[in-house]
Amino acid sequence: MIIRILGEGQWRLDESAMDQLNQLDDRVAAAIEAGDQGAMQEALGRLLDQIRAGAEVADDELAESDLVVPDASATLDEVRALLEGTDEGLIPG
């Protein structure tokens, strides 16, 4: 699976990482629901760190992203906008 972090790049992760990514995604969603920017940024930062633990896709490799997530500077409103119309969160599953 290839996940793009907006403004940073792409990382290749094994499907086995999905359970942990979903747990972190649940924390992001809970913070958004609570309207807590600080908690959302902390949870998003942990999610991004887990994604970055994968293998970075080389800049010269053309690969379609399976998922796209916001960067660490995203605001509550920006993440909410990304989630509009979905009940899956940033990481489906």
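This structure is a prediction, so every number in the text was calculated from the model and none was measured.
The CZ atom of R80 sits 9.5 Å away from the CD atom of E33 when rounded to the nearest 0.5 Å. Taken from CG in L62 to CD in Q10, the straight-line distance is 9.0 Å, to the nearest 0.5 Å. The line from CG of D26 to CG of N22 is 6.5 Å long, rounded to the nearest 0.5 Å. Note that CG of D71 is 8.0 Å distant from CG of L44, once rounded to the nearest 0.5 Å. Atoms CD1 and CD, from I32 and E78 in turn, are 11.0 Å apart once rounded to the nearest 0.5 Å. Atom CG in L67 sits 14.0 Å away from atom CH2 in W11 (nearest 0.5 Å).
Between R46 and D49, none of the side-chain N atoms (NZ, or NE/NH1/NH2) sits under 4.0 Å from a carboxylate O, so this pair counts as no salt bridge. Salt bridge R27/E42: absent, no basic N to carboxylate O contact under 4.0 Å. Salt bridge status for E61 with R12: present, with a side-chain N to carboxylate O gap under 4.0 Å.
Side-chain contact annotation: T75 with D77, donor-acceptor N/O pair under 3.5 Å absent.
The backbone N or O of A17 sits nowhere less than 3.5 Å from a side-chain atom of D14 that would complete a donor-acceptor pair. A donor-acceptor pair under 3.5 Å is formed between the side chain of D66 and the backbone N or O of I2.
Here the closest non-hydrogen pair linking R4 and S65 is CB-OG, 3.3 Å.
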Could you walk me through whether L90 and V28 pass side-chain contact (heavy atoms from CB on, under 4.5 Å), step by step? CA-CA 9 Å; L90 295 170; V28 171; 4.1 Å; yes
For a side-chain contact (heavy atoms from CB on, under 4.5 Å) check, start with the C-alpha distance between V68 and I5, then their side-chain angles and the critical distance, and finish with the verdict. CA-CA 6 Å; V68 178; I5 300 174; over 6 Å; no
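V69 and V57 fall into different hydrophobic clusters, where Ile, Leu, Val, Met, Phe, Trp and Tyr residues are linked whenever their side-chain heavy atoms come under 4.5 Å apart, directly or through other members. Linking Ile, Leu, Val, Met, Phe, Trp and Tyr residues whenever their side-chain heavy atoms come within less than 4.5 Å places M18 and I51 in a single cluster. Residues L76 and V79 fall within the same hydrophobic cluster, defined by Ile, Leu, Val, Met, Phe, Trp and Tyr side chains chained together at heavy-atom separations under 4.5 Å. Cluster annotation: L82 and M40 are assigned to distinct hydrophobic clusters (Ile/Leu/Val/Met/Phe/Trp/Tyr, side-chain heavy-atom contacts under 4.5 Å, transitive).
Residues satisfying the side-chain contact (heavy atoms from CB on, under 4.5 Å) test with D59, not counting sequence neighbours, are none.
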